[in-house]
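Quick notes on the structure that follows.
Atom set for the values below is all heavy atoms of this structure, side chains included, hydrogens, waters and symmetry mates excluded. What you see is a predicted model; the values in this text were computed from it and never measured.
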Amino acid sequence: MKTQNPTPSPAVVAIPEISFELLHQAHDGMVIIDDHNMILYANPAAETLWGYDPGKLTGRPVGELMASSVENGAAPFDINASIQAVEPVSGEVTFENRSGDYISAEVSLTVARVGADGRRYRLMMVRGITGAGHRSRVVELQNTVFRSLSSEIQIQDVADMVCREVETLVPNTVAVLILLDEQSRLRILSGPGMPRRFAAALEDMRLTEADIAALANDLNEATTIVWDSYRSVGISLGLHHCWASAIRTRNGRITGIFALYSRSERNRGGWPAQIVNSCVPFCGVLIEQHEARQHISQLSNYDPLTGFLNRTAVHKVIRSLIGQPGDNHFALYMIDIDRFRDINDALGHINGDGFLKSVSERLKGVSRSNYVLSRSGPNEFLIIVPNTRQDEALKFADMLHDSVKQPIEIGGNMIVPTLGIGISLFPENGPDGESLLSYAEQAMRQAKRSGLGMTHLARSEDNKAAQDRLLLGSALRESLAQGLLNLQYQPQVDVRNNTLYGVEALSRWNHPTLGNIYPSRFIAVAEETGQIEAIGTWSLERAVQQILEWDAHGIYVPTVAVNLSAGHFRNRNLPGFIARLLSDSKLEPHRLTVEITESVMMTENEDTNMVLQSIRNLGVALSMDDFGTGYSSLSRLTRLPLTEIKIDRSFIMNLEHDANAQAVTTAVIGIGGRLGMTVVTEGVETVRQLDLLCQLGCDVVQGYLFARPMPPEKLEEWLRNDRLSAVLKEAKESRAASE
């Protein structure tokens, strides 16, 4: 704005006319200050910058010009400092002019001595930062945002930085970046200076389709949404104006709102709106990055089928719950769907997934909002229930069972699911997540062993048993590698002619530090740890080698029986292994008997049948061990290529006094005879038992009456001393004495 040249004050009459005109016409503000900090002269540019009428700045304290300055960090100088202490300085200052607008300017102070007396004066030069200057600062902010997004900096930190920088550009304001979620609700991503009450009001808002359409048509409608309805709340919290713009992606989707609220009652003009509009593009990129990272987080932390947390994520939750202070307690449920493999095999994986999803929805339906749900395995779920003790934990388990009682229609089939549930409690079942998960898994497996639709609460003894299995499993693996297992042999007597029928090879383990481990204990561990097949393979090799050694010593043992696990018979390579073993040792096939358990009969399939038939085709005998203790099927018995069946010792224990035991034994002996199989009876300990079995037509017996299992050299001695004849003689004498 142009003004008439004022009459120079007496203090500056000495300034040459040309110098005065240069100051007067300069585009930058020029202010001369005396040694008492009074304004002696201000050119038109300075008057315009501060909003004063012509000539109204002269004679005022210079401190008035900076009274409402807003410091950007440390102030470059103290405008009111004594002129004696002021050195030439420069810096950037933001101040409020008389119109209420904030002005950013570069200010420099120069000190000079004037006149014969050397009096000090200051020249303050002020250059207002133009719109182009502000735009350059926004561009710099944009570049900082893009650099941050390409690094590992958290999105939240980048958003906070944007809000703080904009609040610096427009002082005395509050910036906020708001997301629009999938349910069309507002969610504040960043607003460090936003009053909590106002932020809560915004986050309660859910936009209607009309709101979103209005924003898509005019981005500035955002001001209506985030201000007009909340003006009274904002004013009560010290917010008086708002400039806002919606954020729209390239495909037209509204993803958020960037808003700036002023704490000043004066209107700031168009500058704040320009800043907001300039920030919207890179705020949109920031939101896109946020959504992308959220999606990646969803994929890495959640199961895509059920939407539950995955196993990795739930481990973090467990650690967090354990770390909470105070009397903290919660229940952890491990849930397994009974017979899920059958459903998957019968109906296919797509229908299996549908079944899983239906079950997960039912579990979620009975769970409170603060429960944590996770899919931890193909058909396993974890649920964490906070603030729960034993009684409440068992009640919720009943609710889980009840939730799945109704049939689920899958692939045209109505299926009623049942659950096996194991429960562990914190802190009772361990101080850490691994202990809790281990207890819960053991409890779940116990529930599964108990039947369908069962619950088991973890106990300390369960964990002790697991630790015992772990210790034994490790020791067993080392013993196998070091050859510390051995075979003992129990004679089998053919009672039809009172001769040696053969021997049964029995695994024994005497550990250097753990001592003698009972077979019932380490065989179970071997089955659980997957080492049972290695033991069976070793037993075959060692038994064949031993029978050859006896032959070399002039001791003839007709056959040796070796027990193999069910897993062996699912291995198509087993017949080939036995064939090579016989070929390499030149042992006649009929001198080897392979014993199978009833579990092989229960899991009978094409592979098992093929393996059994191939072994029998080699000329190797096949014996059904412990017959009658499981779920034997006579129809399956007739289909298997068996040469003998063994009656379990449990029937013989009460044979002398129990009519039912005698009836079962009689039936089995009759079945074996009619099928052309040799019938072997285990556990014979008394002469009376031997006599009864002979009367019933049993073919072969073994038990303590004749001999306990012996090392090879002891058996050799037993045979050389003809202990069999001695035992039979003693039995005969015993009968005679009793008569």
Discussion item. For a side chain to side chain contact (heavy atoms under 4.5 Å, CB included) check, start with the C-alpha distance between Phe355 and Leu347, then their side-chain angles and the critical distance, and finish with the verdict.
Written reply: CA-CA 10 Å; Phe355 183 76; Leu347 302 180; over 6 Å; no

Worksheet item: Do His329 and Pro427 come close enough that some side-chain heavy atom pair is under 4.5 Å?
Response: yes

Worksheet item: Between the main-chain N or O of Leu581 and the side-chain N or O of Ser585, is there a donor-acceptor pair closer than 3.5 Å?
Response: yes

Discussion item. Would the distance check show the side chain of Arg389 and the main-chain N or O of Ala393 forming a donor-acceptor pair, the cut-off being under 3.5 Å?
Written reply: no

Worksheet item: Does any non-hydrogen side-chain atom of Val359 lie less than 4.5 Å from one of Ile335?
Response: no

Worksheet item: Would you call Asp691 and Arg688 a salt bridge, using N to O less than 4.0 angstrom?
Response: no

Worksheet item: So, do Leu332 and Ile383 sit near enough that their side-chain heavy atoms are less than 4.5 Å apart?
Response: no

Practice prompt. Would you give the length of the straight line joining atom SG of Cys698 to atom CD1 of Ile652, rounded to the nearest 0.5 angstrom?
Written response: 7.5 Å

Worksheet item: Taking all non-hydrogen atoms of both residues, which atom of Leu724 and which atom of Thr499 are closest, and how far apart?
Response: CD2-C, 3.7 Å

Worksheet item: What distance do Leu642 atom CG and Arg616 atom CZ have between them, rounded to the nearest 0.5 Å?
Response: 9.5 Å

Practice prompt. Kindly state each residue pair satisfying ring-ring contact (aromatic ring centres under 6.0 Å, His included) with at least one member in residues 395-428, sequence neighbours excluded.
Written response: Phe330-Phe426, Tyr333-Phe396, Tyr371-Phe396

Item to complete: Nearest 0.5 Å please: distance from the CE atom of Met624 over to the OG1 atom of Thr643.
Response: 11.0 Å

Discussion item. Atom CZ of residue position Arg341 - does it have more than 12 heavy atoms of other residues, nucleotides or ligands inside 6.0 Å?
Written reply: no

Worksheet item: Does the side chain of Leu487 come within less than 4.5 Å of Trp538's, by heavy atoms?
Response: yes

Item to complete: Take atom CD of Gln406 as the centre, draw a 6.0 Å sphere, and report whether it contains more than 12 heavy atoms from other residues, nucleotides or ligands.
Response: no

Worksheet entry | CA sep, side-chain torsions, deciding dist, call: Val594, Leu574, side chain to side chain contact (heavy atoms under 4.5 Å, CB included) | CA-CA 11 Å; Val594 172; Leu574 179 61; 5.9 Å; no

Worksheet entry | Point-to-point distance, once rounded to the nearest 0.5 Å, from CG of Leu394 to CD of Glu392 | 9.5 Å

Discussion item. Restricting to non-hydrogen atoms, name the atom on Asp336 and the atom on Lys448 that form the minimum distance, rounded to 0.1 Å.
Written reply: OD1-NZ, 2.5 Å

Worksheet item: Is there a donor-acceptor pair under 3.5 Å between the side chain of Asn351 and the backbone N or O of Ile410?
Response: no

Discussion item. Let me confirm one number: the CG-CD1 distance from Asn379 to Ile343, rounded to the nearest 0.5 Å.
Written reply: 9.0 Å

Worksheet item: Quick one: do the Glu644 and Thr593 side chains pair a donor with an acceptor below 3.5 Å?
Response: no

Worksheet item: If you look only at pairs with a residue in residues 665-685, which of them pass as a side-chain hydrogen bond (donor to acceptor under 3.5 Å, both in side chains), with sequence neighbours excluded?
Response: Lys646-Glu682

Response to the item:
Closest non-hydrogen atoms of Pro407 and Met414, given as atom of the first, atom of the second and distance, are CB-CE, 3.7 Å

Discussion item. For a 4.5 angstrom cut-off between non-hydrogen side-chain atoms, does Met610 reach Gln613?
Written reply: no

Worksheet item: Is the backbone N or O of Arg477 less than 3.5 Å from a side-chain atom of Gln531, with the two atoms forming a donor-acceptor pair by type?
Response: yes

Worksheet item: Could you walk me through whether Leu437 and Ile318 pass the side chain to side chain contact (heavy atoms under 4.5 Å, CB included) check?
Response: CA-CA 10 Å; Leu437 288 166; Ile318 294 171; 4.1 Å; yes

Worksheet item: Can you find a heavy atom in the side chain of Arg542 that is under 4.5 Å from one in the side chain of Asn486?
Response: no

Discussion item. Whether the side chain of Asn413 engages the backbone of Ile415 through a donor-acceptor N/O pair (distance < 3.5 Å, no angle test) should be reported.
Written reply: no

Worksheet item: Are Arg591 and Asp551 ion-paired here, with the side-chain N under 4.0 Å from a carboxylate O?
Response: yes

Practice prompt. May I ask you to decide if Gly412's main-chain N or O and Glu409's side chain share a donor-acceptor pair within less than 3.5 Å?
Written response: yes

Worksheet item: For Ala447 and Ile421, which heavy atoms make the closest approach, and how far apart are they?
Response: CB-O, 3.6 Å

Worksheet item: Which pair of non-hydrogen atoms, one from Ser725 and one from Asp722, has the smallest distance, and what is that distance?
Response: OG-OD2, 2.7 Å

Fill in: Under 3.5 Å donor-acceptor, Asp648 side chain and Ser650 backbone
yes

Worksheet item: Judged by atom type as modelled, is there a donor-acceptor pair below 3.5 Å linking the side chain of Ser424 to the main-chain atoms of Leu436?
Response: yes

Worksheet, complete the sentence: Closest non-hydrogen contact found for Leu425 with Ala331 is CD2-CB, 3.7 Å

Worksheet entry | Quiz item: cation-pi between Arg708 and Tyr704, 6.0 Å / 45° | yes

Worksheet entry | Check against side chain to side chain contact (heavy atoms under 4.5 Å, CB included), Val562 and Val544 | CA-CA 10 Å; Val562 178; Val544 168; over 6 Å; no

Item to complete: For the residue pair Tyr489 and Trp550, categorise the inter-ring angle as parallel (less than 30°), tilted (30 to 60°) or perpendicular (more than 60°).
Response: perpendicular

Fill in: Verdict with supporting geometry, Ser438 and Gln442, side chain to side chain donor-acceptor pair (under 3.5 Å)
CA-CA 6 Å; Ser438 176; Gln442 293 164 40; 2.7 Å; yes

Worksheet item: Quick one: does Arg449's side chain have a donor or acceptor within less than 3.5 Å of a partner on Gly451's backbone?
Response: no

Worksheet entry | Atom CD1 of Ile350 with >12 non-hydrogen neighbours under 6.0 angstrom | no

Worksheet item: Is a side-chain donor or acceptor of His568 paired with a backbone partner of Glu533 at a separation under 3.5 angstrom?
Response: yes

Response to the item:
To the nearest 0.5 Å, atom CG of Leu500 lies from atom CG of Leu715 at 7.5 Å

Worksheet entry | Any Glu504 side-chain heavy atom under 4.5 Å of Val680 side chain | no

